[in-house]
Structures are given as structure tokens and as C-alpha cells.
2 protein chains.
Amino acid sequence: MNDVAAEAGVALKTVSRVVNDERGVNPATADRVRAAIERLGYRRNDSARTLRRGRTASIGLVIEDAADPFYSGLSRAVEDVALRHGYLMFTGSSSEDPVRERDLVLAFCARRVDGLVIVPAGADHEYLTPELDAGISAVFADRPSGSGRDLDTVLCDNAGGARAGVAHLIAHGHRRVGFVADAPSIFTATQRWYGYRQALDAAALPYDPALIAMGPPEPARVEADVTRLLALADPPTALFTGNGRTTVATLRALDRPVALVGFDDFELADLLGITVVAQNPAGLGTAAADLLFSRLAGNREPAQRRQLPTRLIPRGSGEGAFRLL
Amino acid sequence: MNDVAAEAGVALKTVSRVVNDERGVNPATADRVRAAIERLGYRRNDSARTLRRGRTASIGLVIEDAADPFYSGLSRAVEDVALRHGYLMFTGSSSEDPVRERDLVLAFCARRVDGLVIVPAGADHEYLTPELDAGISAVFADRPSGSGRDLDTVLCDNAGGARAGVAHLIAHGHRRVGFVADAPSIFTATQRWYGYRQALDAAALPYDPALIAMGPPEPARVEADVTRLLALADPPTALFTGNGRTTVATLRALDRPVALVGFDDFELADLLGITVVAQNPAGLGTAAADLLFSRLAGNREPAQRRQLPTRLIPRGSGEGAFRLL
DNA sequence: TTGAAAGCGTTACCAG
DNA sequence: CTGGTAACGCTTTCAA
């Protein structure tokens, strides 16, 4: 900017005015400055700008895995909202590791992002306190925080969705429904398990722990669990799967037709005829980002907790059974 | 940092030394400083650090769409490499819009990212010249640049992969193979079309423009085109589809069994029995990021152009025909 | 081992 | 309309 000022024969401050489209600059002077900028290939240094103004016009997004269709849909939605507000977005994948989540969040904060959208991997967010005190806004998406300050949170109706899905199977005559999902340490898995129990209770069906298979999200674990369930002496006649990844892994493990309803819609589920409880990843991202930007705009209301609805989409596998051939 | 110094009763510089783990600080003093940091909830401002040091330890990634499984896989791979090097990553989706690509890249540069990985939406990259002169490194992934300085580029073997896929269909007796893909303005689509032609030529089969359906990536367009091809008086007995999205859209449009080979592997393609020419999105991202970081480490060799192999995976649809039921 | 001062490239504030 | 100067929070350089 100094060089440009010298080149154009004006003061530094005048260049700043032109660069920032401030009014009160002689058009002729402005043109001279712009010409100098062009000649020198000058580009404003936003780091310095940021330092001086105290706002970086950037946000940080921490998700579980950028390559997972659910989170990449959420990610794209957050990005769109950010860009619409003129903000840039840092992205990081926590890989379901609380330490990595924390490192990413703190690294973003060190860059002085104005706000954060976090899909928490851990339950403890005490580490956020100094950052929040420093004025950084944060919104939790998909899962709530287990500790720390009460913060804006956007979830989907996990229990309600699971309840509806399992009730659907029960309504079609099933009395033994297997439940395959992520480990109980994952908030959404536990919520969906609540929903499963509620549906059983509502139908006065017994809860059989032998029909529950919760664990790490690895496909191999899921496939082994499904195989085990189906090999029981008194096997389930239907399965409810706890998320998209689990549903897909389950499909691979089926060696015979079984009624199936899965939480999360996914690509080609319609072609395959899989009945699902759909949630809206993009909607989740948009809602979280909107909430964040309302905070950045000065909204000082108490922390909100929004819950997005789910939708049961019957496609055959929940009404009859899933069969590929 | 000033506040911490005051709180600890030392000079600013000493705090800086402690924060950066520089040696030559009395352990007792260091402890006092650390205690003050803890009390005040101090966090280093990396923007200021960046400004002073001239390196931001961040890169920018511009892809076509963060929600597309292909690009989200690439994205995750780039992120992993960046994090391993202690870098943070800005992400942006161009939506196949050259203007948006340019705006994103320039915004990243204004933040003084050290490097860029770009999946170009446009062919013109003259706008990068001042940035490159300023010392920012850039690597193109998935598609090359059509203009501007010669830069590192990582592609997959588009023509070779398509040739192999089409040859596979021909080897199974097909003499009329339809080609459904993105618009010719997209580099990969055109390259794959070359591969298609090469396979025909190698088998001495005539090229029939009526069998070519290239256009916007919208599913509706693809479905309409597929329907049109299959309704021809002399319809194709096999289809080659130009990428994952197109393959999926094509599946939806099929009203009868047709032999099918698709470029790009995708989730559940194995279950559905779709023969594909697989490329490796994560490998592409890793290669591009590795190349970028070698530049950031000082590698001054001439621009490289790497080509990653593709792999034909027979699963049934290319050997017989695709049928869901 | 510790500290003081200069400077990174901007913008805010006050003068002219 | 234009310009000077301080300040943002840090690291670099030099001195004690």
C-alpha cells in the first residue's frame, strides 16, 4: 500500500480510501491510485486489515468427516451461508476424536475466526470458555455439548424419528426388531435408541438386549453384528439401522430378505427401495449458520435449541423386506 | 500478550519466548508466565503473528461442490495432508462458476494463504499472475488450467480410463455404445469422450453422433437424454456414463436392462452390480497436496504434470446388463 | 537470561 | 478532499 501510494504520488491513507471504496476521494485521484494498483498488481493484505479491525470475516467449521455425505452436505450449506455474508470458512474433520476437535477449534480461534459451527466429537467444551469470553460465537450442530456454557444448538428429532421408524415396522407386524447403530457414546445413537425403546413401549413389546448392536462405526463391526443378530435362535424379523453408514454396511451383510428401516436418507436408497427416516443435513447446516450469523449481527438472546423434523419415507424395505434380486 | 507480561511482571518479549517455546528462559520465569496465561485465558493472536512472519500456515482449497462425494473425498485428503503439516485449510465451492472460482481464490490470497489447491471451473487463470509473483504456490487438481503460467497439475487418466471402459463393452459384443456425460466445456468430459472415440477406432467401429449425449450435469437433463437415446430407432445396446453423478442419474432413467459401464466408482455400486472405471479422489487430493507442500518447502523444479491411473472393476452391468429386479 | 525498540500492512482518528 | 500519526499484537534485532 505504501508502494502504491508512492507510485501514485498520494498519501498512504488515500490509497486505503480507494481500496475500501470510502467516499470523499477525488475521482481523478482515485483513478490514479487504481492505475498504480493495477500496475503493481497490488492486493490488500487482509491479515493486516484483520489485525487492525478486530474482525476477520471468517468462520471455522468442525465436522466429523468431510468425506461423509451427511457432513459434506452440512458443510456445503454452512459454506453457502458464510459466502452470502462475505465470510470465508475454515474446515476441519475431527474424525470423532475429541482431542482433534479441540485442537482444530483452538487453532481456528487463534486465527481469530469470528464464529464457529461445531459438530462436537467430545462432550466436554470447557476449553471454549476463554474463547467465548473473548467474544467468539459458537453454534453446535447435529449434537449438543455435554458441558460448558449453554450455547446455541441445532439438532434433528433423533428420538422422534427413530420412534416413527420403529413404529412403522411394528405396524407392519414385526415383533422382534433389531437395533444396529453407533456406540452409545455418540449422542445421536443414544437418542435414536431412546426412540426405539419408546416405540416398543408404545406397542407393549418387550425390550430384548440381545437385539441391540451398538458399537464403532466400522463397516466390519456392523456386518459382524448383523450376521450375529440374524443367526440368533429367535432372530429379528426386522432391523432398524441408526444412520446412513450403518444402513449401507447392513445392506452388505444381509444374506436373506429382512424388513429394514434406516435413519438417514442416502443416495440410491430410492432405487434400492430402502425405507428411511430422512433428516436434512443441508437444513441443519443452514439453520446452524443462520443462528451463528444472527449472533455475529449482535443477537444477544439466550441460547437457542432448535430441533429439525424428520420424515419417514416408505419405499418397500420397511413394508415388506429388502431384497436385491 | 502485553497483559500477560504485566500480570507476570516480565517483559513482553519473555512472554513471546514462552508462548513459542523458545529456549533461553529461566524455568521459574516461564512457569510464572504460564500461570499468568492460564489466569487470563490468553491465546496467541495468529493474525498478528502471521503479519509479522509473513507465513500464514494456511492453504485454500477450491473445489466444485463440497457436497459431491468425489470432491468431498478429495477435500478430506487435502485436509489431512495440510493438518499433518500444521496448516489450516480454507474451503470454497465454485459451483462450476469461473467467476466464483476467481473470487474465492482471490479472497484466499487476500488472506495470504501460503498455497492453493484448485479444481478449476474456468479455463482462464491469468488472474493468478500477481498472486504467483507474490509467492503464493498453486496446484491444479482433477483438471488443468487452460491458460496462464504453467503450474503443477494432478489429473487422472481420463482418456485411458474411458477407453478401457468402452473397450470392455465392445469386447462383450456391443457395437452401438451410447456416451452420456457432462458438457464438452468440462475438461474431464471431453477427455473421456476422446477415450470413447479411441476405443471405437481401435475396434474399427463407426462413430455415430446420435449416440452422444453431453450437457449440463442436472439429473433431469441426463434422464431425458438417456430416455431419448434408448428411444432411437437403432438404439445403443450399451451405455458409457461419464462420471458418478451421471451414472446415478442414468440408473434412474433406465426402463429396461442395458449394459452399462460408468466412469467413477460410487457408494453401493458394488451392491448394485455396476461395472465402473474407478479413479481415486483421495489419491488425487493427496498427490495435489503433497506437491503443494513440496513447493512450500522450497521445491523449485519445473511444473509437474502427474497422471493417476484408473482401474476397471467388472461387477456385472458391463458384462451382461444392469437390472434392478 | 531478559528487555527495549522497530516494524509487519492495515485502519481509526484527528488535522489541515 | 487529503494527509499524518498512532495503534492493532506479534516477532525480529540488537543491547544489556
Side-chain angles (χ1 to χ4, degrees), chain A residues 1-34 36-37 40-58 86 88 106-107 109-114 130-131 134-136, chain B residues 1-34 36-37 40-58 86 106-114 130-131 134-136:
Chain A
M1 193 172 266
N2 238 323
D3 299 345
V4 175
E7 172 85 9
V10 298
L12 177 63
K13 179 61 212 177
T14 301
V15 178
S16 172
R17 287 206 177 89
V18 173
V19 167
N20 294 296
D21 287 321
E22 285 174 40
R23 50 174 204 170
V25 179
N26 187 312
T29 317
D31 281 344
R32 222 151 20 99
V33 171
R34 268 187 285 271
I37 288 177
L40 269 49
Y42 163 83
R43 299 292 158 86
R44 179 175 65 197
N45 183 331
D46 275 0
S47 294
R49 171 171 228 243
T50 269
L51 176 61
R52 187 59 243 236
R53 310 204 356 171
R55 265 193 46 240
T56 57
S58 61
L88 257 32
L106 292 182
C109 289
R111 303 299 172 93
R112 294 296 186 271
V113 295
D114 297 318
E131 326 300 323
I136 291 182
Chain B
M1 192 173 266
N2 237 322
D3 299 346
V4 175
E7 173 85 10
V10 298
L12 176 63
K13 176 62 211 174
T14 302
V15 179
S16 172
R17 287 205 177 88
V18 173
V19 167
N20 293 297
D21 288 320
E22 286 173 40
R23 53 177 201 169
V25 180
N26 188 313
T29 317
D31 281 345
R32 223 150 22 97
V33 170
R34 269 188 284 270
I37 287 176
L40 269 47
Y42 165 82
R43 300 289 160 86
R44 180 176 63 197
N45 183 331
D46 275 0
S47 294
R49 171 171 227 246
T50 268
L51 177 60
R52 188 60 239 238
R53 310 204 354 170
R55 264 195 47 239
T56 57
S58 61
L106 292 182
F108 292 161
C109 290
R111 304 299 172 95
R112 293 297 186 269
V113 295
D114 298 318
E131 325 299 332
I136 293 181

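The sequence lines fix the lettering, A, B, ..., with proteins before strands; numbering per chain opens at 1.
- Using a 4.0 Å heavy-atom criterion, one finds that Thr50(A) contacts no nucleic acid atom at all.
- Closest non-hydrogen pair, Pro130(A) versus Gly41(B), comes out as CB-O, 3.8 Å.
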What side-chain donor-acceptor pairs closer than 3.5 Å can you find for residues 21-33 of chain B, not counting sequence neighbours?
| residue | atom | partner | partner atom | Å |
| --- | --- | --- | --- | --- |
| Asn26(B) | OD1 | Ala28(B) | N | 2.9 |
| Asp31(B) | OD1 | Arg34(B) | NH2 | 3.3 |
| Arg32(B) | NH1 | Ala8(B) | O | 2.7 |

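- Residues Ser16(B) and Leu12(B) form no side-chain contact, since every pair of their non-hydrogen atoms from C-beta on lies 4.5 Å or further apart.
- In this structure, the separation between CE on Met1(B) and CD1 on Ile37(B) is 7.5 Å, given to the nearest 0.5 Å.
- Contacts of Thr50(B) classified as side chain to side chain contact (heavy atoms under 4.5 Å, CB included), with partners at least two apart in sequence or in another chain: Ser47(A), Thr56(B).
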Please list, for nucleotides 7-9 of chain D, all pairs of protein and nucleotide N/O atoms separated by less than 3.5 Å.
| residue | atom | partner | partner atom | Å |
| --- | --- | --- | --- | --- |
| dA7(D) | N3 | Arg52(A) | NH1 | 2.6 |

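- Rounded to 10 degrees, the angle separating the terminal helix axes of the helix from dT1(C)-dA16(D) to dG16(C)-dC1(D), each built from five base pairs, is 40°.
- Protein chain A contacts DNA chain C from dG9(C) to dC13(C), reading 5' to 3' and using non-hydrogen atoms of the protein with a distance under 4.0 Å.
- Residues Tyr42(B) and Val19(B) form a side-chain contact, since some pair of their non-hydrogen atoms from C-beta on lies under 4.5 Å apart.
- Partners of Arg53(B) according to the side chain to side chain contact (heavy atoms under 4.5 Å, CB included) rule, which considers only residues two or more places apart in sequence or in another chain, are Arg49(B), Arg55(B).
- In this structure, Gly54(B) and Asp114(B) approach most closely via the heavy-atom pair O-OD1, 4.5 Å.
- For the segment residues 14-25 of chain B, residues with any heavy atom less than 4.0 angstrom from an atom of DNA chain D are, sorted by number, Ser16(B), Asn20(B).
- Not counting sequence neighbours, the partners of Asp46(A) by the salt bridge (Lys or Arg N to Asp or Glu O under 4.0 Å) test are Arg44(A), Arg111(B).
- Listed by chain and number, the residues in a side chain to side chain contact (heavy atoms under 4.5 Å, CB included) with Leu40(B) are Asp3(B), Val4(B), Glu7(B) (sequence neighbours excluded).
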